A.B. asks: 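What follows is a structure written as structure tokens; I'll ask about it next.
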Amino acid sequence: MTIPAQFYLILAAVLFFIGVFGFFTRRNLISLLISTELMLNAVDINFAVFNAYSHPEHLEGFFFTMFGIGIAAAETAVAIAIIINVFRNAKSIHIKNLLDLKH
Amino acid sequence: MNYFEFFSMIPEISLLAVFVVIFIFDLVATGRYRRIFHALVCLLMLGHIYVCIESGDKEVTLFGGMYYSNSMIAFVKAMLVFGSSLVVLQAHRWLRSTHALAKQGEFYVLLLSTLIGMFFMLSARHFLLFFIGMELASLPLACLVAFDKYRHHSAEAGIKYVLTSMFASAIMLYGISFLYGTIGTLYFEDMAQGLSGTTMQIFALVMFFAGLGFKISLVPFHLWTADSYQGAPTVVTAYLSVISKGAAVFTLFVILTKVFAPMTAQWQMMIYAVTVASITIANLFAIKQNNMKRFMAFSSISQAGYIMLAVISGTAQGMSAMVFYILVYIMANMAVFGIIETLQHNVEGGELTREHCNGLYKTNPQLTLLMTLALFSLGGIPPFAGFFSKFFVFMSAFDAGFLVLVFIALINTVISLYYYLLIVKAMYITPNDNPIAKVKCDMYTRISLCACLLGIVLLGICSFVYIGIDNFAF
């Protein structure tokens with residue numbers, strides 16, 4: 001018995017919007033990073049599922065998933081480096097210490 | 001697979017060669033060779049403009065249609081390289097400062113890798129190549145925004161930029177995944193045939209547009225702009241506001257007209273709302289900004305709104321109007337940022353505000369004159385290039401039948417004139433006992449400012465520029 005595609009898509013949608021919710025409500029830079037990672041992973045699931053269920057003749061979706069994972073890792077590396085930089089400058093990675101710009 | 005196909009991507013491969021030369025030079029050069037580093041980079045980039053234009057003679061389609069280039073795309077690439085070389089020219093003084101000197105090579109390398117990413121974005125005819133190009137353009141840019149390691153503001157701007165850009169690309173990818181789900185291919189050519197405007201495809205279109213909207217900083221997605229622009233080093237702000245925006249707008253135009261052609265009614269409605277919001281809200285916010293870089297951030301949001309007037313038409317006329325607008329915008333904006341960069345070294349705290357500009361005419365008449373011309377051009381006052389670029393953009397939207405939109409944009413031009421003239425007034429009229437002392441530009445900045453001045457004055461009058469661009473369109 002195979003699992004219907006809808007279940008995967010619902011999982012991906014839930015994961016994606018957990019990420020969106022986290023991005024808007026969390027107040028710690030690492031949590032924000034994790035939220036965006038969740039969103040990117042939801043996208044990867046979507047591509048893999050669409051490829052496997054709807055368009056199995058080519059592998060475009062799987063390739064997109066692989067590149068997506070690689071690029072998400074690169075993004076995380078850059079973001080973590082900048083977060084370390086923020087920590088060195090502000091001695092904290094809480095959002096409330098990042099309000100210096102503007103005035 | 002035919003590996004010789006790689007050598008047909010002339011602009012990308014030659015830019016990669018420049019990249020490698022600079023990278024190796026940075027590793028091995030010491031002492032006296034180090035002093036010619038900046039001049040070498042400038043020369044290589046100026047030479048690359050020629051290579052880009054030369055490559056534009058023929059149409060190229062590679063890798064089964066993933067990569068495509070024609071004269072228009074080659075021209076836009078040359079334009080972006082030209083803009084980046086202006087940025088590099090203006091960066092000389094900043095790169096001489098103690099913190100940046102050790103990282104001089106890194107600056108060039110990061111800048112060039114974003115440029116390669118933008119090239120791929122422009123030439124992409126497949127969503128995978130487009131996505132990789134976009135990330136290659138935005139990740140090194142995040143590093144550049146956070147380049148001043150010991151300044152708190154730079155790190156803050158960097159984290160704001162990188163997180164919003166990740167968020168935006170995740171949203172865009174979610175949209176693309178649904179497009180893939182309904183059509184089953186990611187090639188631009190084939191996708192247009194599969195689109196029919198179902199609910200899921202409209203959802204995908206909106207998500208996709210939101211993702212690119214972050215890059216172009218249109219209004220509902222503009223919240224990162226002011227903070228990132230203010231915190232970033234000034235040369236990087238200039239790069240963000242002209243080059244990265246120009247590449248993203250051109251790509252958006254290509255994708256909307258190539259891929260989403262069957263859904264024209266839907267995306268025109270969407271862009272209509274976004275354009276009105278961008279121009280109006282950004283103008284209202286720009287009036288009360290005191291910090292010059294923040295002011296230019298809001299000005300650039302409203303300029304992006306004007307560019308969207310060309311995108312909404314979706315015609316060949318719109319494309320040439322858009323490219324001409326970007327060219328003129330590069331000139332005017334680079335002039336303003338070059339002057340901000342020059343002046344802010346003489347300001348306490350390094351943040352130039354409108355009060356600092358008071359009475360600038362007494363001490364720096366030449367810089368003041370150039371700043372005035374650049375602001376006139378941004379505002380669209382007749383003899384300068386900005387007037388003509390705005391005129392062509394309005395014409396293209398008008399011919400496509402968006403009369404009310406053009407009217408709203410015209411009203412907003414008047415509002416924007418008000419805040420551009422506020423600065424002109426501060427420089428010429430407002431009395432100030434101790435204005436910023438006389439500033440002496442270095443040679444590189446002087447060259448770039450002269451190029452900008454020529455562009456602002458001549459681009460509008462020399463009609464062959466626009467006609468030349470118009471011949472390339474589509």
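For clarity, every value in this text was computed on a predicted model and none was experimentally measured. Naming: A, B, ... by sequence-line order, numbering from 1 per chain.
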A.B. asks: Give the C-alpha distance, both sets of side-chain angles, the deciding distance and a yes or no for side-chain contact (heavy atoms from CB on, under 4.5 Å) between F188(B) and Y68(B).
C.D. replies: CA-CA 11 Å; F188(B) 288 4; Y68(B) 173 78; over 6 Å; no
A.B. asks: Do you know which of E57(A), M39(A), E60(A) has the most heavy-atom pairs under 4.5 Å to chain B?
C.D. replies: E60(A)
A.B. asks: Checking heavy atoms, do the side chain of F64(A), its backbone, both or neither come under 4.5 Å from chain B?
C.D. replies: both
A.B. asks: Treating S241(B) as the side-chain partner and A238(B) as the backbone partner, does any N or O pair qualify as donor plus acceptor under 3.5 Å?
C.D. replies: yes
A.B. asks: Below 4.5 Å from any heavy atom of chain B, which atoms of N51(A) appear? Answer side chain, backbone, both or neither.
C.D. replies: both
A.B. asks: Is F87(A) close to chain B through its backbone or its side chain, or both, or neither, when contacts mean heavy atoms under 4.5 Å?
C.D. replies: neither
A.B. asks: For D148(B) and S154(B), which I'm curious about, is there any donor-acceptor pair between the side chains at under 3.5 Å?
C.D. replies: no
A.B. asks: Would you sort out whether F167(B) and F24(A) count as a ring-ring contact (aromatic ring centres under 6.0 Å, His included), showing the intermediate values?
C.D. replies: CA-CA 11 Å; F167(B) 185 71; F24(A) 287 125; 5.5 Å; yes
A.B. asks: For chain A, which candidate among V162(B), L173(B), V145(B) shows the most heavy-atom pairs at distances under 4.5 Å?
C.D. replies: L173(B)
A.B. asks: Do I202(B) and F178(B) come within less than 4.5 Å of each other through their side chains, counting heavy atoms only?
C.D. replies: no
A.B. asks: Identify which part of Y187(B) has an atom lying under 4.5 Å from any heavy atom of chain A, answering side chain, backbone, both or neither.
C.D. replies: both
A.B. asks: Do T114(B) and Y239(B) get their side chains close enough for a donor-acceptor pair, meaning under 3.5 Å?
C.D. replies: yes
A.B. asks: Have E12(B) and Y67(B) got a donor and an acceptor in their side chains that come within less than 3.5 Å?
C.D. replies: yes
A.B. asks: Which bit of F23(A) comes within less than 4.5 Å of chain B, counting heavy atoms only: side chain, backbone, both or neither?
C.D. replies: side chain
A.B. asks: Have H356(B) and Q344(B) got a donor and an acceptor in their side chains that come within less than 3.5 Å?
C.D. replies: no
A.B. asks: Examine whether an atom of A13(A) lies under 4.5 Å from a heavy atom of chain B, and if so say whether it belongs to the side chain, the backbone or both; otherwise answer neither.
C.D. replies: both
A.B. asks: Measure distances from T185(B) to the heavy atoms of chain A and classify the residue's part below 4.5 Å as side chain, backbone, both or neither.
C.D. replies: both
A.B. asks: If I measure from the heavy atoms of chain B, does A77(A) come under 4.5 Å with its side chain, its backbone, both, or neither?
C.D. replies: neither
A.B. asks: Output the option from I171(B), L136(B), N290(B) having the highest count of non-hydrogen pairs under 4.5 Å with chain A.
C.D. replies: I171(B)
A.B. asks: Against chain A, label M207(B) side chain, backbone, both or neither, depending on which of its atoms sit under 4.5 Å from a heavy atom there.
C.D. replies: side chain
A.B. asks: With a 4.5 angstrom heavy-atom cut-off, is it the side chain or the backbone of A226(B) that approaches chain A, or both, or neither?
C.D. replies: neither
A.B. asks: Evaluate the ring planes of F285(B) and F298(B), with Trp represented by its six-membered ring, and classify them as parallel (under 30°), tilted (30 to 60°) or perpendicular (over 60°).
C.D. replies: parallel
A.B. asks: Among G61(A), S54(A), A81(A), single out the residue with the greatest number of heavy-atom pairs under 4.5 Å to chain B.
C.D. replies: G61(A)
